[in-house]
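Everything on this sheet refers to the single structure shown next.
The sequence lines fix the lettering, A, B, ..., with proteins before strands; numbering per chain opens at 1. Nothing here was measured: the structure is a model prediction, and the numbers come from that model.
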Amino acid sequence: MERFLIPGQKKRSCTSDALTRSPRKKIKLEKDERMKEEKDEVDEDSALAEFSHPVPWQKIEAEGLDCDYALLFAKEEADQLFKQLENEVVYSTGEEAKVQVFGKVYSIPRKQATYGDAGLTYTYSGVTRSACPWTPTLESIRDAVTKTTGQTFNFVLVNRYKDGQDHMGEHRDDEKELDPLCPIASVSLGAARDFIFRHRDARGKHSCRQIEPVKLELAHGSLLLMNPPTNTFWYHSLPVRKKVLLPRINLTFRRIVLASKK
DNA sequence: ACAGCTACAAGGAG
DNA sequence: TCTCCTTGTAGCTG
């Protein structure tokens with residue numbers, strides 16, 4: 001099955017904060033950016049002007065970064081899915097929800113759960129646990145992602161951020177057990193949150209290069225595909241946003257290669 | 001005042 | 001042996 005990406009979309013630099021703003025502002029800023037760009041280069045998109053319908057997929061590209069973003073679920077459907085997940089998903093508690101950092105033990109600043117095919121395991125911060133069996137809602141979302149992308153997944157990591165205080169630090173999803181050719185599909189439900197990519201060579205005090213971060217806002221019902229080699233070169237994070245008061249559930253579907261062969 | 005960002009704090013895993 | 005990962009917080013900026 002092929003992917004239903006619309007080819008030849010406008011190539012965005014995505015180096016500004018434009019995508020993190022409200023939709024109305026976003027349109028205005030995109031126009032401004034486009035005008036700036038047109039001073040420097042020929043408009044590659046004139047042939048696309050005739051497409052009057054909304055473009056479902058947005059290509060997000062930078063050096064070594066390749067993502068596709070789209071609204072997968074309309075609001076009503078996304079609302080329903082969020083409610084169902086709130087009832088179905090059972091999150092790790094107690095010791096399983098703790099992590100040791102710099103000698104101190106903390107509760108992770110979010111809730112986590114892992115679901116997938118029988119026998120699959122997931123290692124987080126040195127602790128390995130096995131996936132729970134798929135729930136009906138997780139299965140149906142997984143199938144919707146597969147229909148849209150043509151990719152199959154055998155595992156999902158569920159992260160629940162109760163409000164803007166809950167967050168996730170900068171990291172890559174480059175575990176060895178992940179299929180390096182399979183994109184990671186990230187479905188967002190609930191409160192919209194900022195999502196930030198940073199190139200590995202542009203991090204820290206002695207960063208050798210100055211590469212602008214790529215900032216997105218992940219909307220209710222959205223799907224973000226992180227294609228290879230994005231996770232080799234780019235770290236991502238979900239930063240604290242104190243103004244966000246409502247919960248968000250994120251599902252990252254992955255394909256884990258079976259570690260042991262018979 | 002405060003949201004947002006960076007640097008940095010140890011020790012274990014691979 | 002070396003590199004990378006984990007989060008909270010001090011300190012700075014706008």
Side-chain angles (χ1 to χ4, degrees), chain A residues 13-22 25-26 29 62 64-65 91-114 120-131 155 157-180 184 186 191-219 226 228-250 252 254 256-261:
Chain A
S13 68
C14 285
T15 52
S16 76
D17 291 355
L19 293 176
T20 70
R21 312 194 189 247
S22 69
K25 264 186 187 167
K26 191 193 298 180
L29 286 164
L65 182 146
Y91 295 94
S92 300
T93 57
E95 291 309 304
E96 285 201 341
K98 304 240 164 114
V99 64
Q100 187 167 336
V101 182
F102 287 88
K104 283 182 258 179
V105 175
Y106 300 98
S107 294
I108 58 171
R110 61 190 168 274
K111 284 184 174 176
Q112 277 189 338
T114 56
L120 288 181
T121 60
Y122 168 77
T123 301
Y124 178 78
S125 197
V127 182
T128 299
R129 29 190 121 85
S130 52
F155 184 87
L157 173 64
V158 185
N159 279 291
R160 185 183 188 277
Y161 304 87
K162 68 176 186 301
D163 57 31
Q165 294 284 359
D166 272 3
H167 62 280
M168 171 120 65
E170 203 169 70
H171 69 286
R172 295 180 293 172
D173 291 320
D174 64 343
E175 290 94 355
K176 215 177 80 179
E177 60 261 27
L178 291 182
D179 184 334
I184 292 175
S186 169
R193 291 288 295 264
D194 287 351
F195 187 77
I196 300 182
F197 285 103
R198 291 175 71 196
H199 195 284
R200 67 178 185 188
D201 295 339
R203 304 166 68 242
K205 191 174 49 169
H206 304 112
S207 59
C208 46
R209 306 185 55 195
Q210 292 184 341
I211 303 172
E212 285 299 308
V214 173
K215 306 182 180 185
L216 312 176
E217 182 182 77
L218 300 181
M226 289 179 272
T230 303
N231 267 121
T232 303
F233 297 105
W234 292 77
Y235 288 68
H236 58 266
S237 65
L238 193 88
V240 169
R241 287 293 178 262
K242 304 206 168 179
K243 288 173 202 135
V244 175
L245 304 175
L246 297 174
R248 166 179 183 262
I249 295 174
N250 180 63
T252 49
R254 301 133 188 270
I256 294 181
V257 296
L258 277 40
S260 61
K261 285 215 94 184

For a 4.5 angstrom cut-off between non-hydrogen side-chain atoms, does [X] reach [Y]?
X	Y	answer
Asp173(A)	His236(A)	yes
Trp234(A)	Arg172(A)	no
Arg200(A)	Thr232(A)	yes
Leu178(A)	Ile184(A)	yes
Ile256(A)	Asp179(A)	no
Asn250(A)	Arg110(A)	no

Interatomic distance where [atom1] belongs to [X] and [atom2] belongs to [N] [whole Å]:
X	N	atom1	atom2	result
Asp194(A)	dA3(B)	CG	P	15 Å
Arg193(A)	dG4(B)	CZ	P	10 Å
Gln165(A)	dT7(C)	CD	P	15 Å
Glu217(A)	dG4(B)	CD	P	13 Å
Arg203(A)	dT6(C)	CZ	C1'	12 Å
Met168(A)	dT7(C)	CE	P	8 Å
Lys215(A)	dA3(B)	NZ	C1'	13 Å
Glu212(A)	dT6(B)	CD	C1'	15 Å

Exercise. Would you say Arg254(A)'s side chain and Thr252(A)'s backbone share a donor-acceptor pair under 3.5 angstrom?
Worked result: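 It does hold such a pair.
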For this session: State whether the side chain of Arg193(A) and the backbone N or O of Asp163(A) hold a donor-acceptor pair below 3.5 Å, judged by distance alone.
Result: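 Yes, the answer is positive, given that a donor and an acceptor are paired below the 3.5 Å cut-off.
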Is there a side-chain polar atom (N or O) of [X] under 4.0 Å from OP1 or OP2 of [N]?
X	N	value
Arg172(A)	dC4(C)	no
His171(A)	dC4(C)	no
Tyr235(A)	dC5(C)	yes
Arg198(A)	dC5(B)	no

For this session: Classify every nucleotide of nucleotides 8-14 of chain B by which part a protein heavy atom approaches to under 4.0 Å, writing B for the base, S for the sugar-phosphate alone and - for neither, in 5'-to-3' order.
Result: SBB----
Problem set entry | side chain to side chain contact (heavy atoms under 4.5 Å, CB included) between Phe197(A) and Thr230(A), worked out | CA-CA 9 Å; Phe197(A) 285 103; Thr230(A) 303; 4.0 Å; yes
For this session: In sequence, state the C-alpha distance, the side-chain angles, and the governing distance for Val158(A) and Tyr91(A), and then conclude on side chain to side chain contact (heavy atoms under 4.5 Å, CB included).
Result: CA-CA 8 Å; Val158(A) 185; Tyr91(A) 295 94; 3.8 Å; yes
Problem set entry | Sub-4.0 Å heavy-atom contacts from residues 237-247 of chain A onto DNA chain C, ordered by number |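 Here the set is empty: none.
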For this session: Please report how far the helix from dC2(B)-dG14(C) to dG14(B)-dC2(C) bends, comparing the axis fitted to its first five pairs with the axis fitted to its last five, to the nearest 10 degrees.
Result: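 End axes: 30° apart.
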For this session: List the steps, then state whether side chain to side chain contact (heavy atoms under 4.5 Å, CB included) holds for Gln165(A) with Val240(A).
Result: CA-CA 5 Å; Gln165(A) 294 284 359; Val240(A) 169; 4.1 Å; yes
For this session: Would you mind classifying the nucleic acid contact of Arg200(A) as base, sugar-phosphate or nothing, using non-hydrogen atoms under 4.0 angstrom?
Result: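 No contact at all - Arg200(A) keeps every heavy atom at 4.0 Å or more from the nucleic acid.
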Problem set entry | CA sep, side-chain torsions, deciding dist, call: Lys215(A), Asp194(A), side chain to side chain contact (heavy atoms under 4.5 Å, CB included) | CA-CA 7 Å; Lys215(A) 306 182 180 185; Asp194(A) 287 351; over 6 Å; no
